[in-house]
2 protein chains.
Amino acid sequence: MSDYKKKLSVPLECGLHLFMVVVNGKWKISLIWCIHSGFKRPSELQRKIPKASRRVLDVQLNQLIGHGIIRKITYDELPLKVEYELTPLGQTLIPVIASTAQWGEDHRGELEVLLR
Amino acid sequence: MSDYKKKLSVPLECGLHLFMVVVNGKWKISLIWCIHSGFKRPSELQRKIPKASRRVLDVQLNQLIGHGIIRKITYDELPLKVEYELTPLGQTLIPVIASTAQWGEDHRGELEVLLR
DNA sequence: TTAGATACGGATAAATTTATCCGTAATTGG
DNA sequence: CCAATTACGGATAAATTTATCCGTATCTAA
């Protein structure tokens, strides 16, 4: 699917950039949070995040898998059933995401005037 | 400079996306961290972040100003002197950035195998 | 047997971000 | 005067990300 190599490398010296690489992507945090909240099936995720097309969610889910944040479980039963779950690494991300989300909420007032 | 309006809107419901809007940009976190660490002048920042061109740093500095994270001080003296400093809002970002950076450091080993 | 649900991915267009190149202007030190 | 330093920004190219459109396949229920 993607043996594509970036030409413009991202600086990774700092731990912060490692975080950024993992969560960058318009819908990734929503996906991580949904999965963490118990919405695990692809169709559920699409319904929870209706502004994103099905295709984009698929692509970003696969990137999260590639980065070791989530895992895909394909049930060998009919009708088709697939679920995603956080890996142990993915779970360690939850409190970090929560703290950045808290920052956003704490400053929503100031930020909303500044952004657009 | 930029009265450009995005056509693809970013979801802002969640506090986390507010954080992302502010720190997204390849060099922004480096810039915030440098300024926080006392490297305030444009030429210092360029020397500290040599992989980024002068132009890109300028653009991203201006975006940070627009988002209320840093402030520009132009000294009315010769030779020319300009400094950036964190706003109060920008300062609240420091512990959050530190926690995401800590996450990256804590998992650098796992991550480096996964990210290419 | 037809519609709607499940699920997946290639190909391409559009949007956005980042990089490169160009130019300006003033000052300092040789 | 000339080169190096300070500082800033427009215009465009290149890279990357996101969106849209197309197609596949199987199963269930009406």
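What you are looking at is a predicted structure, and each value in this text was computed from that prediction instead of being measured. The sequence lines fix the lettering, A, B, ..., with proteins before strands; numbering per chain opens at 1.
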Touch check for A:Val56, heavy atoms < 4.0 angstrom, all strands: base, sugar-phosphate only, or nothing?
base

Any salt bridge (Lys or Arg N to Asp or Glu O under 4.0 Å) pairs touching residues 52-72 of chain A, not counting sequence neighbours?
A:Arg54-A:Asp58, A:Arg71-A:Glu85

With sequence neighbours excluded, residues passing side-chain contact (heavy atoms from CB on, under 4.5 Å) with A:Arg41
A:Ser43, A:Glu44, A:Lys81, A:Glu83

Partner set under side-chain contact (heavy atoms from CB on, under 4.5 Å) for A:Ala52, not counting sequence neighbours:
A:Trp27, A:Ile49, A:Leu57

Between P on D:dT18 and CG on A:Asp58, what's the gap in Å once rounded to a whole number?
15 Å

Interatomic distance where NZ belongs to A:Lys51 and C1' belongs to D:dT18 [whole Å]
15 Å

When all nucleic acid strands are considered with a 4.0 Å heavy-atom cut-off, which category describes A:Lys28: base, sugar-phosphate, or nothing?
nothing

Nearest-nucleotide 5' precedence on DNA chain D, A:Ser53 against B:Tyr84
B:Tyr84

Can you tell me how far P of D:dT6 sits from CG of B:Leu57, to the nearest Å?
14 Å

Think A:Lys26 has a side-chain N or O under 4.0 angstrom from the OP1 or OP2 of C:dA15?
no

As a test of reading the structure: which of C:dA7, D:dA19, D:dC8 is closest to the side chain of A:Trp27, going by heavy atoms?
D:dA19

Exactly one candidate in B:Ile32, B:Ile29, B:Val23 meets side-chain contact (heavy atoms from CB on, under 4.5 Å) with A:Leu16; the answer is B:Ile29

Whole angstrom value for the distance that separates C1' of D:dT18 from CG of A:Leu61:
15 Å

Where do B:Gln60 and B:Gly25 come nearest, in terms of heavy atoms and distance?
OE1-C, 3.6 Å

At less than 4.0 Å, is any side-chain N or O atom of B:Asn62 found next to OP1 or OP2 of D:dC8? Yes or no.
no

According to side-chain contact (heavy atoms from CB on, under 4.5 Å), who are the partners of B:Leu89, at least two apart in sequence or on a separate chain?
A:Trp103, A:His107, A:Glu110, A:Leu111, A:Leu114, B:Ile69, B:Thr87, B:Thr92

Sugar-phosphate atoms are those with a prime plus P, OP1 and OP2; base atoms are the rest. Using that split, label each nucleotide of nucleotides 21-30 of chain D B, S or - for protein heavy atoms under 4.0 Å, 5' to 3'.
B-B---S---

Can you list everything that forms a ring pair (Phe, Tyr, Trp, His ring centres under 6.0 Å) with B:His36? Sequence neighbours excluded, please.
B:Trp33

Starting at CD of B:Glu44 and ending at P of D:dT5, how long is that distance when rounded to a whole Å?
15 Å

B:Ile65 CD1 - D:dG9 C1' separation (whole Å)
13 Å

Nearest whole Å is fine: how far is C:dT20 P from B:Gln60 CD?
14 Å

Are any of A:Ser43's side-chain N or O atoms less than 4.0 Å away from OP1 or OP2 of C:dA7?
yes

Whole angstrom is fine here: how far is it from CG in A:Asn24 over to C1' in C:dT18?
14 Å

